Amino acid sequence: MRIDLEVSLDPTLGCGQAHRWHKLDDGSWEGVWRNQVVTMKQISPTSVEVIGTDDRKGITRYLGGDDDLETIISEISKRDEYVASLTDRCPGMRILRQDHWECLATYLLATNANVKRIGQMVESVCDHFGDDLGRRHGFPTPKQILDGCGCIAECRLGFRESRFITLAERVESGDIDVESFSEMNYEECVAALQDINGIGPKVADCVALFAFENMEAFPIDARISKVMEDIYGVTGSYKAVSAYGREKFGEYAGYAQEFLYHADFISRQARSRNPCHCSWQKCRRSA
DNA sequence: AGTAGACCTGG
DNA sequence: CAGGTCTAC
């Protein structure tokens, strides 16, 4: 199935928004989306070939296809010259619309772990508890996690393990209604997310942005923290730095964050002797 | 209200 | 030490 959409798969799928996409040798991306093993290949800057699902509308939406890139880029560019200079270099990068539960549970695991480790933990949890889809496993439901949690130690989640189970319990019992976060505005959403044990301001911002469409969220991870200091001279508490980002970039601050993140990723990659930081990506230069 | 230290594991 | 958070000052 061919999708006509301005989207660039490498930065969109490969740089840490979602953690289940692997770049294959032929340059296509394989992942699991809604319990289907899906492969996407870039055909041109404005089209991708999708195998493994017939849900054109769904996958387009997942890819952020409802976002008007022109408007968004114009909006964040007019607010900052540096971001304006980055948007040209990375056309077609989009913010995904991830599954609510999967994104929430995944980012709960993301604390104090690098991209590679997050991917390992997520894949392990899927392999242990998710539906067998052949080449890959689906992301497990809360019930699947609870039913199988006798062997969860094998997933090696470390101190995240108990938080992960507690989250599954609270969702399964109805104590947490994941869909209720969709109805909230940004402030309400991150506040409610932070009521979950193991979720602080950074993870809440990521989930608000990548799952619940709060495009003004401006997550400050270690990389963005350095960028904010180096480029803008902004330091301080999480709250202060993220508020600066939201105020500077406005309603699409999350997109600005992704451009800043990606540009820093690429420049460090270029400067590094071992060029490939992207865990799943086969890197020609290092091979 | 705002900030050190500990925290599982692995590259 | 790593794409933070919790707990205890």
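Every chain is numbered from 1, with letters handed out A, B, ... down the list of sequences. If you're wondering where the values come from, they're calculated on a predicted model, not measured in any experiment.
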Whole-Å gap separating [atom2] ([N]) and [atom1] ([X]):
X: A/Leu104; N: C/dT5; atom1: CG; atom2: P; result: 13 Å
X: A/Asn197; N: C/dT7; atom1: CG; atom2: P; result: 6 Å
X: A/Tyr238; N: B/dT3; atom1: OH; atom2: P; result: 16 Å
X: A/Met121; N: C/dG4; atom1: CE; atom2: C1'; result: 11 Å
X: A/Leu108; N: C/dT5; atom1: CG; atom2: P; result: 10 Å
X: A/Leu109; N: B/dC8; atom1: CG; atom2: C1'; result: 12 Å
X: A/Asp264; N: C/dA2; atom1: CG; atom2: P; result: 14 Å
X: A/Ile118; N: B/dG11; atom1: CD1; atom2: P; result: 14 Å

Problem set entry | Position toward the 5' end of DNA chain C (nearest nucleotide), A/Gly200 or A/Lys226 |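 Its nucleotide being nearer the 5' end, the pick is A/Lys226.
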Just to be sure I understand the rule, does [X] reach a base, reach only the sugar-phosphate, or reach nothing, if contact means heavy atoms closer than 4.0 Å?
X: A/Gly198; value: sugar-phosphate
X: A/Ile199; value: sugar-phosphate
X: A/Pro201; value: sugar-phosphate
X: A/Tyr261; value: base
X: A/Ile196; value: sugar-phosphate

Exercise. What distance, rounded to whole Å, do you find between the two C1' atoms, one in C/dC6 and one in B/dG10?
Worked result: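 The same atom, C1', in both gives a distance of 22 Å.
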Exercise. Roughly how far apart, to the nearest Å, are B/dG11 and C/dT5 at atom C1'?
Worked result: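 So the two C1' atoms sit 23 Å from each other.
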For this session: Output the rest of the hydrophobic cluster of A/Val190: all Ile, Leu, Val, Met, Phe, Trp and Tyr residues reachable through side-chain heavy-atom contacts under 4.5 Å, sorted by chain and number.
Result: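 In the cluster with A/Val190 are A/Tyr186.
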Problem set entry | ILVMFWY cluster membership beyond A/Val32 - transitive side-chain contacts under 4.5 angstrom |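 Under the 4.5 Å side-chain rule, A/Val32 groups with A/Val37, A/Leu133.
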Problem set entry | A/Phe218 and its ring pair (Phe, Tyr, Trp, His ring centres under 6.0 Å) partner, picked from A/Phe249, A/Tyr252, A/Phe259 |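 Exactly one pass, corresponding to A/Phe249.
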Exercise. Is the Lys NZ or Arg CZ of A/Arg223 less than 6.0 Å from the centre of A/Tyr261's six-membered ring, within 45° of the axis?
Worked result: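 Yes - A/Arg223 lies over the ring of A/Tyr261, closer than 6.0 Å to its centre and within 45° of its axis.
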Exercise. Would you say A/Gln194 reaches C/dT5's phosphate, i.e. side-chain N/O to OP1/OP2 under 4.0 Å?
Worked result: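 Indeed not, no polar side-chain atom of A/Gln194 lies that close.
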Exercise. Can you tell me the Watson-Crick or wobble partner of B/dG2, both distances under 3.5 angstrom?
Worked result: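 Across any shown strand, B/dG2 pairs with C/dC9.
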Problem set entry | Pair of N/O donor and acceptor under 3.5 Å linking B/dC8 base with A/Arg160 side chain |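 Present.
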For this session: Return yes if the base of B/dC8 and the side-chain atoms of A/Arg117 contain a donor-acceptor N/O pair under 3.5 Å, otherwise no.
Result: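 Counting by modelled atom types and ignoring angles, a donor-acceptor contact under 3.5 Å is found here.
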For this session: Tell me, with the steps shown, if A/Phe129 and A/Phe139 meet side-chain contact (heavy atoms from CB on, under 4.5 Å).
Result: CA-CA 8 Å; A/Phe129 309 123; A/Phe139 193 88; over 6 Å; no
Exercise. Out of B/dC8, B/dG10, C/dT5, which has the shortest distance to the side chain of A/Lys202?
Worked result: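 So the nucleotide nearest the side chain must be C/dT5.
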Exercise. Between A/His100 and A/Phe181, does the ring centre distance come in under 6.0 Å?
Worked result: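 Centroid separation for A/His100 and A/Phe181: 6.0 Å or greater.
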